[in-house]
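First comes the structure, then the notes that go with it.
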Amino acid sequence: MRKRWTARLRIYIRRTVSPICWPSAAFIYRLSEWGGYKLLRKAGLGYKGAGLAGAAFIICYGAMTGGSPSVVRAVVMMSTGFLASYLGRTYDLLSALSLALLMLVWETPELLTQGGVQLSFGAVFAVGGVLPVIQDYLGKERKILGALAVSAAIQLVTLPVILWDFFQFPVYGIFLNLLVIPLMGGVICSGIGTALLGGISYKAGALAAGTGHYILRFYEWLCHGTERLPYHTLVMGRPAAAAVILYYMVLLVVLVGMKRAVGKRDEAKPIWLRTALFFCICIFMPCILMPRPVDGMEILFLDVGQGDGILLRSGRGAMLIDGGSTSEKKLGEYRLEPCLKSCGVSVIEYAFVSHGDLDHISGVRYLLESCEEIEIRNLLLPCQGREDDALLSLAELARARGTKVSLIEAGESFYMEGIGVTCLYPGISDLPADKNEESEVLKVDYGNCHVLFTGDMSGEGELRLLSALSEKPGVLSEIQILKTAHHGSRFSSGETFLDALGVKWAVISYAEGNSYGHPHKEVLERLGDRSVKIYGTAERGAVTMKTDGKMVRWKAFLD
């Protein structure tokens, strides 16, 4: 029994103390103090002995927590501080930070690309390099303003890193830090008490763990409460590298200006004016990283595995055609949502669902069910799918989110930022033989660029479409880009259908090694015989097509 509870207490330490303490060297510093440095100093031990004891304690702590890059950074920095104490030298935070970075990247340079490493070092640099300038500018005598300055300094330095790796910005984060940071000492004390007392007595260890437990529960309550506030998260997308460079250049100029203003500051100048100016700067800086509107039209054929998912963007508008997969069980959480957020898409004007198969709707369902940061304004379902249980469930979810749901039929058109989308099939009088034949056939027009999306339509459906458009042959003959039906199945993309199109490029969305054998050899041969350039998502990853309405450019993620 004792061993079992001891193991549980160790898990508590690893899951609570170590992951929370790594972001700031100040936390590790407090930990080392409580580990004995100050106690030994008060007991009469000299700087050398206390420094060696503190270094030994903090190194053991780093080993216990697994030695992640952020923990190693903190351990190196604090060990440097104890070494300075031992040698009777002055400790410089930025020098210690640079030493820790050098030691980490000497063996593994690619650590510089990790978001956690960038945030860890960025936060400490903000405290050691940026915060003193801000405090001098605002004045150090006001405690509340000083606390806000700490949070603002960290946010200013780490904002580009947050957007680069997470694509969104927590609007209220700067104020949450005012409540979170002061209580971290209680969490650390709780963890240390759990480690020391848990091996002796279960009750004592549980009592020590209680403080940390309730603080963490308070954090959880605080975060959930913030999520209920309006505009709690701002989806900004991944900024361009040039925008990040410009951001840090502007920040450097602002800090230099603040430093010069301190030397020339008129003490009679009101503090509210300096504070207002500083927070105006804090509001302006994120604008540099705001997503830019898309020039022309961009179509992103996502690599969703065995399924379909297509994002269309123009200006600041976005549309989605399908979004599902049978091979990627958490497509919405790990691919669709991150992709949309990385593009800065928080609103989808139109979401077209070709039919009710899982490989076309699973990701869309996730967005409606679990992703509050992305809004779908209009969900457009095929008119012949009105009795499909999967589509009825999807429509119910959409209405609960405030999304307008419509059944569309042949002849209806939709427009957004220069993009025109026309439904060619099915009509209200068509009687599809199965679910695949219910698929919406959508024609997308932008200038002289014309794209056809056919869902999972089979060869029989293609012939019915040709018959329905027999009096309008130009509608199909101007098609240059084909989203190949049914992931390249041999029963679709027939010769008669391909001959009616003017296809130059075709995109096939499928998973490598899928059990269906997609794309089938016959389809590849039919497209090859017509000199059609093929882009397959399994071999080339996500495929991007850009056009200004005249020229077409292609880019594949794995090229």
Side-chain angles (χ1 to χ4, degrees), residues 297-312 321-328 331 335 339 354 357 359-360 424 436 439-446 448-459 461-463 465-466 476-547 550-559:
M297 178 178 69
E298 177 184 287
I299 301 180
L300 175 59
F301 300 86
L302 281 74
D303 179 11
V304 296
Q306 191 65 19
D308 274 348
I310 304 102
L311 174 65
L312 294 81
I321 299 178
D322 287 336
S325 176
T326 52
S327 61
E328 301 296 331
L331 169 79
R335 295 203 185 184
C339 172
S354 63
D357 280 350
D359 59 338
H360 293 256
L424 302 181
N436 288 339
S439 295
E440 296 173 348
V441 176
L442 304 173
K443 181 171 179 275
V444 173
D445 305 294
Y446 188 88
N448 292 326
C449 180
H450 309 283
V451 192
L452 190 67
F453 298 89
T454 52
D456 278 356
M457 172 180 274
S458 70
E462 292 171 353
L463 294 178
L465 176 61
L466 291 176
L476 293 179
S477 62
E478 64 183 3
I479 299 294
Q480 306 119 327
I481 301 168
L482 174 66
K483 169 60 187 62
T484 308
H486 209 171
H487 322 292
S489 168
R490 69 170 65 92
F491 303 109
S492 303
S493 305
E495 292 187 357
T496 304
F497 182 67
L498 292 178
D499 288 339
L501 308 178
V503 179
K504 297 180 181 179
W505 301 277
V507 179
I508 308 178
S509 179
Y510 65 99
E512 186 175 3
N514 64 85
S515 59
Y516 306 99
H518 296 157
H520 290 151
K521 180 180 178 182
E522 296 89 333
V523 173
L524 297 178
E525 289 178 348
R526 289 197 287 266
L527 292 172
D529 291 342
R530 290 159 179 79
S531 301
V532 176
K533 175 71 174 177
I534 301 173
Y535 289 90
T537 57
E539 296 94 359
R540 311 185 76 167
V543 177
T544 304
M545 189 281 293
K546 294 184 178 182
T547 181
K550 298 178 182 178
M551 302 292 292
V552 172
R553 292 173 293 162
W554 293 87
K555 181 181 179 181
F557 182 77
L558 296 180
D559 286 351

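A donor and an acceptor atom, one from each side chain of E539 and Y510, are located under 3.5 Å apart. Side chain to side chain, D359 and S325 fail the donor-acceptor criterion of an N or O pair below 3.5 Å.
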Candidate pair V552 and C449, rule side chain to side chain contact (heavy atoms under 4.5 Å, CB included), full reasoning: CA-CA 8 Å; V552 172; C449 180; 4.2 Å; yes
Derivation of the side chain to side chain contact (heavy atoms under 4.5 Å, CB included) call for V444 and F453: CA-CA 8 Å; V444 173; F453 298 89; 3.5 Å; yes
Side chain to side chain contact (heavy atoms under 4.5 Å, CB included) evaluation trace for H486 with S439: CA-CA 10 Å; H486 209 171; S439 295; over 6 Å; no
Evaluation steps, side chain to side chain contact (heavy atoms under 4.5 Å, CB included), between L482 and L501: CA-CA 9 Å; L482 174 66; L501 308 178; 4.3 Å; yes
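Exactly one of R490, R526, E525 qualifies for a side-chain contact (heavy atoms from CB on, under 4.5 Å) with H520. That residue is R490.
Here the CG atom belonging to L524 is positioned 11.0 Å from the NE2 atom belonging to H518, to the nearest 0.5 angstrom. Once rounded to the nearest 0.5 Å, the distance linking NE2 of H450 with OG1 of T547 reads 9.5 Å. Note that CG of L452 and CD1 of I479 are 4.5 Å apart. Values are rounded to the nearest 0.5 Å. In this structure, CD1 in I321 is found 9.0 Å from OG in S354, a value given to the nearest 0.5 Å. Considering CG of L442 and CG of L312, their distance stands at 9.5 Å, rounded to 0.5 Å. One distance of note links CG of N448 with CD of Q480; it measures 7.5 Å at 0.5 Å rounding.
Between F301 and W554, the ring planes are parallel. Angles under 30° get that label, and only those over 60° would be called perpendicular.
For S509 against K483, the heavy-atom pair with the smallest separation is CB-CE, 3.9 Å.
A distance below 6.0 Å separates the ring centres of H360 and H487.
For residues 529-538, the side-chain hydrogen bond (donor to acceptor under 3.5 Å, both in side chains) pairs, not counting sequence neighbours, are D499-R530.
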